[in-house]
Amino acid sequence: MPDSNSVVISSRVRLARNVAGLPFPHKLRRERGAMIAKQVYDALAPNGSYNLYRVSASNQLDLDVLKEKHLISEDLLRADNGAAIINDAETVSIMINEEDHIREQCILRGFKLDEAYAEINKADDIIGEKVKFAFDARLGYLTCCPSNIGTGMRASVMMFLPALSLTNGIESCINAVSRLNMTVRGVYGEGSKADGFIYQVSNCKTLGVGEEDIVSSVGNCINSLVESELAARDRLFHNDGAAIRDRVWRAWGLLTNAYSLSTDEFMSLMAYVKLGAYDGYGLIKISDYDRLEKLVTEAQPANIVNISGKALDGDARGIPPARRDIMRAAYVAKVLKSIGSRA
C-alpha cells in the first residue's frame, strides 16, 4: 500500500436498512417513525455510550454542527420524523428516517476501510437482533432507492487531491474510476463542491456483489489514486517549485495573521498549507497532523460558532457572517501557531 497519510482524510462505510412491513420514510406516520428511533437506540444503548438527537426537538446549531462533521445529512434535517443516534466518539452514526428507515455509518480518520466495515457490521448485527430488516432472498436488502438494493452498502474515502487538481489530472482519474464502478463527489456528497481539493470516492454497485468485495475494490481504487496523487505532487514541485513555495507560504502567512476569514477563503488557503505540510515538500512543519485535519471541520460556520460559545438563540445563522469570519480567523491563527511553523 502506498503512503496514504497525506492523501486520505477519512474512511466511511454506510449500510442502508429498512424495517420489514413498513412503508418507506416519506410515507411513514410520525408515531411509527419515532418508534423506530427508540427501537434502534434501545438496541445500541447497552453496547456503548450513544446520544439520541430528534430533529424536531434539537437545537439548530447542534444539528448544523453534526452535518458539518458528516455525521448527519442535509436530507435528514428536512425529515419530519428524522433522528440520529451517535456514539460519544462520533465514529458511529445511525440516521433514522432519512431516505431509508435506518442509515448506519462508521467514519474513521485515515485509510481504515476494513476497520470501519468491522465496526459498522457489528452495530448492524446488534440492531438486526431487535429489528427485522426488509430483505429479499434474491434482491438482498430492500431500499428506497433502487441503486442501493443488495448489500445496501457504500464504502467511501475522503481524499485530498491538490496536485491532481492543479495539474488537470483529476478529470482523467475520475473517468478511470467511473469505469471501475466507482463515483467521485464533493465534500458533502452528491451535488456538492470539491472545496479545498477534497473529493469523496465510493462504490456505485451494491447488487450482486459481497460486502467484503466492495470494501476490497474501493480500497484498491484508493491505492491507485494515492499513487497518482503522490506522483503528481513530485511533478508539480519539479516543474513549478518556486510558485508552489510562494503559494504555500502566502497561505500560511494569511491564515496566521488575517483579521477576517470567510469559509471559502479558509478552505482555499488551508489546502495549500496542507500541501506544504506534505513530507515530500517540507515547507510547513506540523507537529500534529490529526489536529490540522480537525481544524478543517472546526472552521466551518456552525462549528466555529459552537466553539466560540457565542451563538445567538442557539442558531449559527444568528451570528452575522462578518462576525463569524472574524471569529474564524482568530481561532485558526491560534491553532496553527500551536501546532506548526513555516520551514
To the nearest 0.5 angstrom, please state how far the CG atom of Asp290 sits from the CD1 atom of Ile286. 12.0 Å
What one should report as the nearest heavy-atom pair of Ser165 and Tyr199 is OG-OH, 3.0 Å
Taking the side chain as everything from C-beta on, heavy atoms only, tell me whether Arg247 gets closer than 4.5 Å to Leu166. yes
So which atom in Ala155 and which in Leu113 form the shortest heavy-atom distance, rounded to 0.1 Å? CB-CD2, 4.2 Å
Between Phe237 and Tyr281, does the ring centroid distance fall short of 6.0 Å? yes
Step by step, would you call Val157 with Arg12 a side chain to side chain contact (heavy atoms under 4.5 Å, CB included)? CA-CA 6 Å; Val157 173; Arg12 182 189 76 151; over 6 Å; no
Run the side chain to side chain contact (heavy atoms under 4.5 Å, CB included) test on Ile198 and Met159 for me, step by step, so that the C-alpha distance in whole Å, both residues' side-chain angles and the decisive distance to 0.1 Å come before the verdict. CA-CA 6 Å; Ile198 297 174; Met159 306 190 73; over 6 Å; no
Report yes or no: is the cationic atom of Arg233 (NZ for Lys, CZ for Arg) under 6.0 Å from the centre of the six-membered ring of Tyr278, at an angle within 45° of the ring normal? yes
Starting from Phe266, can I reach Ile307 by hopping between I/L/V/M/F/W/Y residues whose side chains sit under 4.5 Å apart? yes
Taking atom types as modelled, is there a side-chain donor on Asn97 or Arg32 under 3.5 Å from an acceptor on the other? no
Here the pair of heavy atoms bringing Ala271 nearest to Phe197 is CB-CD1, 3.6 Å
Please check if any side-chain donor atom of Ser11 sits under 3.5 Å from a side-chain acceptor atom of Tyr117, or the reverse. no
Under a 3.5 Å cutoff, is there a donor and acceptor pairing between the side chains of Asn87 and Thr91? yes
To the nearest 0.5 angstrom, please state how far the OG1 atom of Thr256 sits from the CG atom of Leu269. 10.5 Å
Using the rule that Ile, Leu, Val, Met, Phe, Trp and Tyr join whenever any side-chain heavy atoms are under 4.5 Å apart, tell me whether Val201 and Val296 fall into a single cluster. yes
Which heavy atom of Ala37 sits nearest a heavy atom of Ala83, and at what distance? CB-CB, 4.0 Å
Taking atom types as modelled and ignoring hydrogens, do the side chains of Thr297 and Glu68 form a donor-acceptor contact shorter than 3.5 angstrom? no
Check the side chains of Asn148 and Thr143 for a donor-acceptor pair under 3.5 angstrom, ignoring hydrogens and angles. no
Residue pair Arg109 / Ser10, side-chain donor-acceptor N/O under 3.5 Å: no
Check whether the side chains of Thr263 and Arg328 place a donor and an acceptor atom closer than 3.5 Å, and report yes or no. yes
Compute both the distance and the angle, then confirm whether Arg17 meets the cation-pi test with Tyr141: under 6.0 Å from the six-membered ring centre, within 45 degrees of the axis. yes
Does Leu180 share a hydrophobic cluster with Val209, counting links as ILVMFWY side-chain heavy atoms below 4.5 Å and allowing steps through other members? yes
Is there a donor-acceptor pair under 3.5 Å between the side chain of Ser216 and the backbone N or O of Glu212? no
So, taking the atom named CD1 in Ile120 and the one named CD in Glu115, what distance separates them when rounded to the nearest 0.5 Å? 14.0 Å
Can you name the closest pair of heavy atoms from Thr167 and Ala232 and give their distance? OG1-CB, 4.2 Å
Is the shortest side-chain heavy-atom distance between Gln200 and Val184 below 4.5 Å? no
Does the pair Lys112/Glu119 count as a salt bridge with the N-to-O cut at 4.0 Å? no
Quick check with a 6.0 Å cut-off and a 45 degree axis cone: is Arg342 positioned over the face of Trp249's six-membered ring? yes
State, yes or no, whether a side-chain contact exists between Lys205 and Met182 at a heavy-atom distance under 4.5 Å. no
Under 4.5 Å between side-chain heavy atoms, counting indirect links through other Ile/Leu/Val/Met/Phe/Trp/Tyr residues: same cluster for Leu76 and Ile36 or not? no
Applying the 4.5 Å side-chain criterion to the ILVMFWY set and letting contacts propagate, would Ile94 and Leu63 be lumped into a single cluster? no
Under 4.5 Å between any side-chain heavy atoms of Arg154 and Ser147, yes or no? yes
Using only heavy-atom distances, determine whether the side chains of Asn181 and Asn203 contain a donor-acceptor pair under 3.5 Å. no
Between the main-chain N or O of Tyr289 and the side-chain N or O of Glu293, is there a donor-acceptor pair closer than 3.5 Å? no
Pair Leu28-His101, side chain to side chain contact (heavy atoms under 4.5 Å, CB included): steps then yes or no: CA-CA 9 Å; Leu28 192 65; His101 293 143; 4.0 Å; yes
Heavy-atom side-chain contact between Tyr331 and Leu295 under 4.5 Å: yes
Point-to-point distance, once rounded to the nearest 0.5 Å, from OG of Ser172 to CG of Leu164: 7.5 Å
Would the distance check show the side chain of Thr206 and the main-chain N or O of Ile149 forming a donor-acceptor pair, the cut-off being under 3.5 Å? yes
Is the closest side-chain heavy-atom distance between Leu44 and Tyr50 below 4.5 Å? yes
Donor-acceptor under 3.5 Å (Asp240 side chain, Leu236 main chain): no
Test item: Gln105 side-chain N/O and His70 main-chain N/O as donor-acceptor pair under 3.5 Å: yes
Using a 3.5 Å distance criterion without hydrogens, assess whether the side chain of Asp100 forms a donor-acceptor pair with backbone atoms of Cys144. yes
Evaluation steps, side chain to side chain contact (heavy atoms under 4.5 Å, CB included), between Asn18 and Leu142: CA-CA 7 Å; Asn18 285 282; Leu142 303 180; 5.8 Å; no
Between Ile102 and Val40, is there a side-chain heavy-atom distance shorter than 4.5 Å? yes
Which heavy atom of Ile126 sits nearest to which heavy atom of Ala43, and what is that distance? CG2-O, 3.4 Å
Main-chain N/O of Leu71 paired with Ser93 side-chain donor or acceptor, under 3.5 Å: yes
Just how far is it from atom CG of Asp64 to atom CG of Asn303, taken to the nearest 0.5 Å? 9.5 Å
Verify salt bridge (Lys or Arg N to Asp or Glu O under 4.0 Å) between Lys69 and Glu298, making sure each step is shown before the conclusion. CA-CA 9 Å; Lys69 291 181 177 180; Glu298 290 178 332; over 6 Å; no
Distance, nearest 0.5 Å, that separates OG of Ser4 from CD of Glu229: 12.0 Å
Counting only heavy atoms not in Asn175, do more than 12 fall under 6.0 Å of its CG? yes
Are Asp75 and Arg78 close enough for a salt bridge, meaning some N to O gap below 4.0 Å? yes
Got Ile326 and Leu261 here, is their nearest side-chain heavy-atom distance under 4.5 Å? no
